[in-house]
Amino acid sequence: MTIRLHNTLTRSKEEFRPIDPQNVRMYVCGPTVYDRAHLGNARPVVVFDVLYRLLRHVYGPGHVTYVRNITDVDDRINETARKRRAAGAAGTLEELIRERTEETIAWYHADMAALGTLPPGHEPRATDHIAGMIAMIEGLIERGHAYAADGHVLFRVASYAGYGRLSGRTVEDMIAGARVEVAPYKEDPMDFVLWKPSDDDLPGWDSPWGRGRPGWHIECSAMSEALLGPEFDIHGGGIDLQFPHHENEIAQSCCAHPQAQFARTWLHNEMLMVEGRKMSKSLGNFFTVRDLLDKGVPGEVIRMVFLGTHYRKPMDWTEEKRREAEAALRRWRGLTAGIEPAASPAPGVVAALSDDLNTAGAIAELHALAGAGDGAGLLASARLMGLLTDELGHWAEAGTGALDALADRLAAARAAAMDSKDFSEVDRMKAALVAAGVEVRMSKAGVELLPGAGFDPAKLEGL
RNA sequence: GGCGGGUUGGCGGAGAGGUUACGCAGCGGAUUGCAAAUCCGUGUAGACCGGUUCGAUUCCGGUACCCGCCUCCA
C-alpha cells in the first residue's frame with residue numbers, strides 16, 4: 001500500500017517513502033502546558049494519531065517512532081506561577097512552575113486519552129533538553145548563523161537563503177507586512193530570539209550568555225534532533241505554526257546541520273472553527289475538551305466529528321455534527337456487539353486513509369461496510385481509525401441495564417393491551433422512552449430498547 | 001498592505017476529465033395496534049465569467065465573496 005501525503009514544502013501530494021522503513025520517524029508539535037487543552041488543540045492530536053495508526057499498520061507497530069514534545073518553558077506558565085505565589089501559595093517559583101506543568105500534563109494526557117489517541121513513543125519536555133538547545137545555539141554562532149547581543153542570542157535570518165520556503169513568502173514580503181518586532185539588539189528586524197535573559201522572577205538556566213531561557217522555536221529543533229536525528233520523515237502541526245514556528249525550526253536545524261534535510265514531509269492541519277470563526281485565545285471563543293466531556297459528549301463522538309472533515313480543511317464544530325456522529329456510532333456499536341474484528345481492515349478504508357488521510361472517505365467506506373452487514377470488517381476498519389475500540393465504548397453502554405428491565409415491562413404492557421385494546425399505558429411508556437432518547441423497537445418477536453442519539457439515562461427515573 | 005487557502009445538492013462532506021460518493025434530513029412504499037427502527041425506491045449539486053477539450057463541477061486564467069497567516073495560538 002502506497003501512502004500519499006500532502007507536503008506543505010512542495011504544496012503537492014507526494015508518495016511517502018520513509019528514509020528507513022524499519023524506523024519511520026514522525027515529530028508533531030505538542031502542547032504548551034499552561035492550561036487545559038481547548039478543542040482546537042485536540043485536532044492535530046487526533047489527525048496525527050490516525051497517521052500514526054496508519055503508519056503502524058503499513059510498516060509494523062514496532063517500526064514507527066512518534067515524538068510529540070511538551071513545552072514547559074513559557075511566559076504564561078511563569079505568569080500563573082507568579083500569581084499563585086502572590087496569592088500566598090507555598091514553595092519557590094520553580095516549584096510552583098513545576099506544579100503547574102505537572103498538573104497540566106496530567107490533564108492533557110487524560111483528555112487526549114478520552115479521544116482515543118495513542119500515546120506517542122516519546123514526549124520530551126523542553127526543560128529536560130536545555131543543554132541540547134545551548135549546544136545547538138553555540139554551533140549556530142560558530143557557523144555565523146546567530147549572534148549574541150545584550151544577553152540575547154538571535155538567529156541571523158539573512159544568513160539562511162532558504163528562509164521563507166515553507167511558508168511561501170520572501171523576507172521582502174514579510175518586511176512589507178511591517179509587523180515584526182523591532183528591538184535595539186537586533187541586527188535586522190526579521191531576526192528571531194534563540195535565547196533570552198531571565199531576571200530573578202523568571203526560571204532560568206546558566207549559559208555562555210548568562211542566566212536565561214530558550215526562545216520558542218529552538219526546543220523543537222533540539223528535541224527532534226536528540227530523538228530522531230538531524231533528518232527524519234514527517235513533521236506535523238497546526239497550519240498556524242507554519243509561520244513563524246516551523247519556518248524558524250527549519251532555519252535553525254538546517255543551519256546547524258547543513259548536510260541534513262531536517263524534516264522531509266511537512267503536514268499541517270487546518271484550524272477548528274466555532275460558529276464560523278477560528279477558535280483562538282485572542283478571540284476568546286474557545287472551550288476545552290474537558291468542557292465537552294463534562295457536558296456528556298463522549299470522546300469517541302468528538303473523534304468521529306473530527307474525522308468527518310479532511311484535515312486540510314477548516315472544520316466547524318456544530319451541535320448537528322455531534323448528533324449525527326453519536327447516532328452513527330450507536331448504530332455501529334449495536335451492529336458489532338459481540339463480534340470479533342476481521343483479521344485486517346477493509347482495503348477501501350486503508351486506501352482512503354493512504355490517500356492523504358482521507359478520513360471522510362474512510363468513514364463513507366465504514367458506512368458501506370455497515371450497510372452490507374459486515375460487522376467484522378466494520379470493526380477492524382473502524383479500529384484502524386481509533387473508533388469502536390473497547391476503551392472508548394463505555395458511554396454507549398451506560399444505562400442499558402435499566403433499559404432491559406423496562407423492555408420487559410413494556411412487553412408485558414403491550415401483551416395486555418393486545419387483549420384489552422387499550423394502548424394508553426403502552427403509548428405513555430413509549431413516549432417517555434422516546435423523550436429520554438431511547439429507540440423503541442416493537443416487533444412481533446418482542447420489544448427492544450436501544451439508546452439513541454442524546455440518550456439520557458436520568459430521564460428514565462420516572463418510569 | 002504582503003502571502004496562502006477555500007467556494008459542491010435542504011444540511012454536512014468526498015472522489016473522479018465522460019458512469020450512483022457517502023451520511024443526515026425529505027418524499028413514496030413495505031412493515032406496525034399507532035409508531036420507531038429496518039428494508040426497498042427516490043434527489044442529478046458544484047460561486048460567477050472566459051479558455052483548453054469531442055466532453056469540465058473536475059485542468060488553466062480572471063472576477064466576486066469567505067477564511068487564515070504575517071502578533072501568543074494546534
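Chain naming here is simple, since letters A, B, ... match the order of the sequence lines and numbering starts at 1 in each.
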- Query: Heavy atoms under 4.0 Å, any strand shown: does K421(A) hit a base, just sugar-phosphate, or nothing?
  - Reply: nothing

- Message: Starting the side chain at C-beta, find the nucleotide from rG33(B), rC70(B), rA35(B) nearest to F243(A).
- Response: rC70(B)

- Using Watson-Crick or G-U wobble geometry with both distances below 3.5 Å, tell me the partner of rG33(B), or none. none

- Item | Under-4.0 Å salt bridge between D188(A) and R156(A) | no

Set out, line by line, the N/O atom pairs under 3.5 Å between protein and nucleotides 30-32 of chain B.
residue, atom, partner, partner atom, Å
rU32(B), OP1, K444(A), NZ, 3.3

- Query: How many Å lie between CZ on F192(A) and P on rU71(B), as a whole number?
  - Reply: 13 Å

- Item | Close side-chain approach of L154(A) and E187(A), heavy atoms under 4.5 Å | no

- Taking only the side-chain heavy atoms of M271(A) (C-beta and beyond), determine which of rG13(B), rG15(B), rA74(B) contains the nearest atom. rA74(B)

- With a 6.0 Å cut-off on ring centres, are H246(A) and W266(A) close enough? yes

- Under-4.0 Å salt bridge between R323(A) and E319(A): no

- Query: Given the P atoms of rC59(B) and rG18(B), what is the spacing between them in whole Å?
  - Reply: 11 Å

- Message: Under 4.0 Å, heavy atoms only, any strand: does H310(A) hit a base, just the sugar-phosphate, or nothing?
- Response: sugar-phosphate

- Who pairs with rA47(B) - Watson-Crick or G-U, where each distance is under 3.5 Å: rU63(B)

- Message: Counting the atoms with a prime plus P, OP1 and OP2 as sugar-phosphate, which does L272(A) contact under 4.0 Å by heavy atoms, base, sugar-phosphate, or nothing?
- Response: base

- Query: Under 4.0 angstrom, heavy atoms only, what part of the nucleic acid is D427(A) near: base, sugar-phosphate, or nothing?
  - Reply: base

- Message: Please check if the number of heavy atoms outside K83(A) that lie under 6.0 Å from its NZ is greater than 12.
- Response: no

- Can you tell me the distance, in whole Å, between the CZ atom of R76(A) and the C1' atom of rU71(B)? 12 Å

- Task: Could you tell me whether E439(A) contacts a base, only the sugar-phosphate backbone, or nothing, with contacts defined as non-hydrogen atoms closer than 4.0 Å?
- Result: sugar-phosphate

- Item | Separation between the P atoms of rC49(B) and rU31(B), rounded to whole Å | 49 Å

- Taking atom types as modelled, is there a side-chain donor on N78(A) or T80(A) under 3.5 Å from an acceptor on the other? no

- Task: Ignoring backbone atoms, establish whether S167(A) has a side-chain N or O less than 4.0 Å from OP1 or OP2 of rC3(B).
- Result: no

- Message: With the 90 degree cut-off around zero defining syn, does rG46(B) come out syn or anti?
- Response: syn

- Are T65(A) and R25(A) linked by a side-chain donor-acceptor pair shorter than 3.5 Å? no

- C1' spacing across the pair rG33(B) / rG43(B), given as an integer number of angstrom: 34 Å

- Message: For rU7(B) and K313(A) - does any side-chain N or O of the residue sit under 4.0 Å from the phosphate oxygens OP1/OP2?
- Response: yes

- Distance, C1' atom - from rA16(B) to rG55(B), rounded to whole angstrom: 15 Å

- Message: Regarding D419(A) and R414(A), does a basic nitrogen lie under 4.0 Å from an acidic carboxylate oxygen?
- Response: no

- Message: Is it the case that the ring center of H268(A) lies less than 6.0 angstrom away from the ring center of H6(A)?
- Response: no

- Message: Pairing check on rG1(B): which nucleotide meets the Watson-Crick or G-U wobble criteria with it, both distances under 3.5 Å?
- Response: rC70(B)

- Message: With rounding to the closest Å, how many angstrom separate the C1' atoms on rU8(B) and rG15(B)?
- Response: 12 Å

- Item | Nearest-angstrom distance from the residue atom CG of L410(A) to P of rA37(B) | 16 Å

- Item | Nearest-angstrom distance from the residue atom CE of M304(A) to P of rG13(B) | 14 Å

- Note on the structure: Picking from rG13(B), rA35(B), rC24(B), the nucleotide nearest the side-chain atoms of A360(A) would be rG13(B)

- Query: Does G361(A) or D240(A) map to a spot on RNA chain B nearer the 5' end, using the closest nucleotide for each?
  - Reply: G361(A)

- In whole Å, what is the span from the CE atom of M273(A) to the C1' atom of rU7(B)? 13 Å

- Whole-angstrom distance between rC11(B) and rG26(B), as gauged at atom C1': 11 Å

- Message: When the C1' atoms of rC22(B) and rU44(B) are compared, how many Å lie between them, rounded to an integer?
- Response: 15 Å

- Would a line drawn from the ring center of F262(A) to the ring center of F232(A) be shorter than 6.0 Å? yes

- Given rG13(B), rC24(B), rG15(B), which nucleotide is nearest the side-chain atoms of D355(A)? rG15(B)

- Assign G40(A) to base, sugar-phosphate, or nothing according to its heavy-atom contacts below 4.0 angstrom with the strands shown. base

- Message: What contact category does R331(A) fall into here, base, sugar-phosphate, or nothing, at under 4.0 angstrom with non-hydrogen atoms?
- Response: sugar-phosphate

- Message: What is the separation between atom CZ on R43(A) and atom C1' on rG68(B), rounded to the nearest whole Å?
- Response: 13 Å

- Could you check whether the rings of H217(A) and F192(A) sit parallel, tilted or perpendicular, using 30° and 60° as the cut-offs? perpendicular

- Message: I want to verify a distance call: between rC34(B), rA74(B), rC24(B), whose nearest atom is closest to the E324(A) side chain?
- Response: rC24(B)

- Query: Which residue lies toward the 5' end of RNA chain B, K321(A) or P244(A), if each is placed at its nearest nucleotide?
  - Reply: K321(A)

- Query: rA21(B) and rA14(B): how far apart are their C1' atoms, nearest whole angstrom?
  - Reply: 6 Å

- Answer with base, sugar-phosphate or nothing: what part of the nucleic acid does R441(A) contact at a heavy-atom distance below 4.0 Å? base

- Item | Pairing partner of rG41(B) (Watson-Crick or G-U wobble, both distances under 3.5 Å) | rC27(B)

- Could you check how far NE2 of H246(A) sits from P of rG4(B), rounded to whole Å? 20 Å

- Task: Determine the contact category for V426(A): base if any of its heavy atoms lies under 4.0 Å from a base atom, sugar-phosphate if only primed atoms, P, OP1 or OP2 are that close, otherwise nothing.
- Result: base

- Task: Could you tell me the separation between the CG atom of L366(A) and the C1' atom of rG13(B), rounded to a whole number of Å?
- Result: 15 Å

- Note on the structure: As its Watson-Crick or G-U partner within any shown strand, both distances under 3.5 Å, rG12(B) has rC22(B)

